Amino acid sequence: MESVSETRVTFLGTSTALPDIGSDTASFLINEKYLVDTGWSLINNLRNCDIDPLQIEYLFFTHMHHDHYLSLPSLFFYFLMKRKDLKDLKIIGPADDVERIVTLALNFLQKEVFYSDKSFPTIIPLSPGDNYDHELFHLTTCDTIHPVQGLCYRFTDKRTGKCFSFTGDSAYYPKIAEHVKGSSFLIHEASLGPIHADPSTNHALHSGALDAALIAESAQVGKLYLVHGALSRKEECVQAASQIYKGTVEWPEDGQTIVL
Ligand SMILES: [Zn+2]
Ligand SMILES: [Zn+2]
C-alpha cells in the first residue's frame with residue numbers, strides 16, 4: 001500500500017450542464033487517479049491542472065446524462081493515441097446504462113475499424129446499494145432521484161481513513177442524508193439556484209442550494225461544497241445554504257484542490 005497522509009480532491013469543473021465560459025460541467029478527480037464524471041473538455045481540464053490523463057485508473061460515473069460523459073470518447077482516444085491499453089481503465093457506473101454508453105463511445109471512435117486489436121475497458125456496473133472494495137479505497141452507493149438511474153457515492157480512502165460523499169444529480173432526497181452521514185464533506189449539486197425546488201414543477205429532478213443544505217445539516221457532514229449550477233449565482237447559493245447548514249459552505253473554483 002502507498003504510505004501517504006492526504007486525500008486530495010481536484011475540481012475540474014463546477015458548471016451546470018451547459019458550461020460557463022472558462023469553466024466546465026461538474027467533474028472532479030480524487031488523488032490524481034480516480035475521476036468522477038468527465039464534463040465536456042476533460043483532456044484539457046486535466047492538462048491545465050498538470051495531470052497526465054494516462055494517470056486515470058478509475059472513472060466513476062454518477063449517472064449517464066450527456067454532460068457527465070461527453071468526454072469519454074476523448075479519454076479513450078487519448079489512451080489509444082498514447083498506446084495505453086484500455087483495459088487498464090476501470091469504469092464504474094450505474095448498471096442500467098454504463099455498459100451501453102461505453103460501447104457507444106467506442107463505436108463513435110470506430111474501434112472495430114481502427115482499433116480492433118485493442119481490448120475493451122473494464123466495466124464495473126453497480127446498482128444503487130452496491131458496494132465496491134479496492135485495496136486503496138471503498139465505495140458505498142445509494143440511489144438518487146433523477147430521470148435516469150443515479151449513484152450517490154461515499155468514498156473512503158483506506159490509506160488515510162478519510163471519507164467524503166458526492167451526490168451526482170438528484171432532487172432533494174432525505175435518504176442521501178442517511179447514506180452520507182458523518183462524511184468529512186459532501187459535494188452536492190445545486191442546479192436550480194438558491195432555492196428549495198418545488199416538487200410540483202421540478203420535472204428535471206435537480207436540487208436547489210437550500211435542498212443541498214438540508215441534506216448537509218441532517219447528515220452532519222463536516223463541510224458542504226455546492227457544484228453543478230450557473231456560476232453567476234454561486235455567491236447567492238452559498239449565502240442561501242449557509243442559512244440552513246451550520247457548517248462551512250463553499251462553491252469551489254475550477255482547478256481547486258482540497259485536502260482532507
Ligand atoms: Zn448534470
Ligand atoms: Zn443528470
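Keep in mind that this is a model prediction, so the values were computed, not measured. Every number for a ligand or one of its atoms is a count from 1 in the order of the listing. Below, each value reflects all heavy atoms present in this structure, side chains not excepted, and no hydrogens, waters or symmetry copies. Throughout, residue positions are numbered sequentially from 1 according to the sequence presented.
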**OP:** State yes or no: do Leu72 and Leu42 share one hydrophobic cluster built from I, L, V, M, F, W and Y residues joined by side-chain heavy-atom distances below 4.5 Å, directly or via other members?
**Re:** yes

Original post:
Of all the atoms in His206, is at least one N, O or S atom closer to the Zn ion (ligand 2) than 2.8 Å?
Top reply: no

Original post:
Centre of Tyr58's six-membered ring, under 6.0 Å away, within 45 degrees of the axis: is that where NZ or CZ of Lys90 sits?
Top reply: yes

Subject >> Which atom of Asp169 approaches the Zn ion (ligand 2) most closely (N/O/S) >> reply: OD2

Original post:
Under 30°, 30 to 60°, or over 60°: which ring-plane class applies to His68 and His228, parallel, tilted or perpendicular?
Top reply: perpendicular

Original post:
Is the Zn ion (ligand 2) less than 2.8 Å from at least one N/O/S atom of His146?
Top reply: yes

**OP:** Give the ring-plane orientation class for Phe155 versus Phe137, where under 30° counts as parallel, over 60° as perpendicular and anything between as tilted.
**Re:** parallel

**OP:** On the 0 to 90° scale, with breaks at 30° and 60°, tag the Tyr225-Phe11 ring pair as parallel, tilted or perpendicular.
**Re:** tilted

Original post:
Which N, O or S atom name in His65 marks its closest approach to the Zn ion (ligand 2)?
Top reply: ND1

Subject >> Atom name, His63 (N, O or S, nearest to the Zn ion (ligand 2)) >> reply: NE2

**OP:** To the nearest 10 degrees, calculate the angle at the Zn ion (ligand 1) involving NE2 of His228 and OD2 of Asp67.
**Re:** 90°

